[in-house]
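All of these numbers come straight from a predicted model, not from anything done at the bench. Scope of the values below: all heavy atoms of this structure, side chains included, with no hydrogens, waters or symmetry mates.
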Amino acid sequence: MQNQEQRLLIVDDDEMFCHVLSRALTRRGFEVMVAHDADQALNIAAQFMPTMATLDLKLEHSSGLKLLPELLSAVPSCRIVVLTGYSSIATAVEAIKLGAINYLCKPTDADDVMAAFEHPDADPNIELADNPPSINRITWEHIQKVLQEHDGNISATARALGMHRRTLQRKLQKRPVRR
């Protein structure tokens, strides 16, 4: 991969993360642009025509899953890696179905991002977990799946799960439970 010819768009609402990742990838010879929301990302993508993009799953006012097909529509040849601190099986599957080439859990760094772009193919030798996920993790995954089924609508998801909307909002604000 010839870095000098690569244009990378970072879409993330965490300004410090964007700054650190942008700096690291610029040092590696990439031309980097940063967007902090969906509208800004689409405007930059249309003019900058990135060859690659990192896309945060949970943007402040929108979902990276909703932005993903719009970015690919604007720049069909762009290879997109989804990054998230709120990973779930449901969102990983949807991101890949929508056209992402890879999906990374935060915290991540420039080396992880580069590896995701350089090795987008599936790895049949990936290590399998020794222990099944905890009940808390399974609950988190189920909430994410139902939320995805209801297009991110908190009220509809709460009704489907039989819980109060504010209770669901509190659960969604927490970091996902580790395995």
Side-chain angles (χ1 to χ4, degrees), residues 8-22 24-25 34-38 41 52-72 78-154 156-158 160-161 163 167-179:
L8 178 76
L9 174 61
I10 299 171
V11 183
D12 199 306
D13 54 7
D14 182 338
E15 292 185 28
M16 182 57 74
F17 176 77
C18 288
H19 175 74
V20 170
L21 186 59
S22 174
L25 293 171
V34 174
H36 299 294
D37 62 46
M52 298 180 290
T54 62
L55 176 59
D56 189 19
L57 183 69
K58 188 174 180 183
L59 297 169
E60 190 170 340
H61 298 292
S62 63
S63 163
L65 288 179
K66 289 184 180 175
L67 179 56
L68 180 57
E70 294 177 50
L71 277 174
L72 286 173
C78 186
R79 298 178 308 133
I80 299 174
V81 171
V82 172
L83 306 177
T84 185
Y86 299 87
S87 63
S88 72
I89 293 170
T91 57
V93 169
E94 289 305 313
I96 299 303
K97 282 181 179 179
L98 290 168
I101 66 162
N102 224 319
Y103 182 98
L104 294 176
C105 302
K106 289 181 181 177
T108 191
D109 60 20
D111 291 333
D112 296 332
V113 170
M114 291 310 306
F117 281 115
E118 291 170 2
H119 306 289
D121 298 325
D123 180 4
N125 298 319
I126 195 165
E127 289 184 34
L128 301 176
D130 290 335
N131 300 326
S134 68
I135 191 70
N136 290 334
R137 182 62 189 201
I138 292 169
T139 301
W140 171 261
E141 298 272 352
H142 181 66
I143 288 171
Q144 293 299 313
K145 178 180 176 282
V146 176
L147 183 64
Q148 183 65 34
E149 289 170 356
H150 289 90
D151 298 321
N153 184 312
I154 302 291
T157 302
L161 292 170
M163 70 173 52
T167 302
L168 177 59
Q169 285 175 317
R170 280 192 298 274
K171 287 181 178 285
L172 290 171
Q173 288 175 346
K174 295 179 181 176
R175 287 261 183 218
V177 179
R178 294 280 175 216
R179 299 263 167 210

Would you name the heavy atoms of Pro69 and Leu98 that are closest together and state the gap between them?
CG-CD2, 4.3 Å

Rounded distance [0.5 Å steps], CG in Leu25 versus CE in Met52:
7.5 Å

What is the minimum heavy-atom distance between Ala156 and His150, and which atoms define it?
CB-CD2, 3.7 Å

Would you call Arg79 and Asn102 a side-chain contact if the rule is heavy atoms closer than 4.5 Å?
no

Would you say the side chain of Leu8 lies within less than 4.5 Å of the side chain of Phe117, judging by non-hydrogen atoms?
yes

Can you find a pair of side-chain heavy atoms, one from Tyr103 and one from Val93, that are under 4.5 Å apart?
no

Please tell me if the side chains of Leu161 and His142 come closer than 4.5 Å, counting only heavy atoms from C-beta onward.
yes

Which heavy atom of Ile10 sits nearest to which heavy atom of Cys18, and what is that distance?
CG2-SG, 3.9 Å

With no hydrogens and no angle check, just 3.5 Å: does a side-chain donor-acceptor pair link Ser88 and Thr91?
yes

For the CG atom of Leu71 and the CD1 atom of Ile80, what is their distance to the nearest 0.5 Å?
5.0 Å

Taken to the nearest 0.5 Å, the spacing of Leu168 CG from Leu172 CG works out to 4.5 Å

Interatomic distance, CG@Leu57 vs CG@Leu104, rounded to 0.5 Å, equals 12.0 Å

Return the minimal non-hydrogen interatomic distance between Leu72 and Gly99, and the atom names on each side.
CD1-CA, 3.8 Å

side-chain hydrogen bond (donor to acceptor under 3.5 Å, both in side chains) with Asp12: which of His36, Lys106, Lys58?
Lys106

Rounded to the nearest 0.5 angstrom, the CD1-CD1 distance for Ile101 and Ile96 is 8.5 Å

Would you find a donor on one side and an acceptor on the other, under 3.5 Å apart, between the side chain of Trp140 and the backbone of Ser87?
yes

Note, Leu65 side chain near Leu55 side chain (heavy atom, < 4.5 Å):
no

Quick one: does Lys66's side chain have a donor or acceptor within less than 3.5 Å of a partner on Asp151's backbone?
yes

Within the distance-only criterion (no hydrogens, no angle test), does the side chain of Asp14 pair as donor or acceptor with the backbone N or O of Met16 below 3.5 angstrom?
yes

Check Leu68 against Ala95 and note the closest heavy-atom contact, atom names and distance.
CD2-O, 3.4 Å

A side-chain contact here means heavy atoms from C-beta on lying under 4.5 Å apart; do Phe17 and Thr108 qualify?
yes

Answer whether the closest heavy-atom distance between the side chains of Asp37 and Asp13 falls below 4.5 Å.
no

Could you check whether any side-chain heavy atom of Ile154 comes within less than 4.5 Å of a side-chain heavy atom of Gln169, counting everything from C-beta outward?
yes

Atom CD of Glu94 and atom NZ of Lys145: how far apart are they, to the nearest 0.5 Å?
10.0 Å

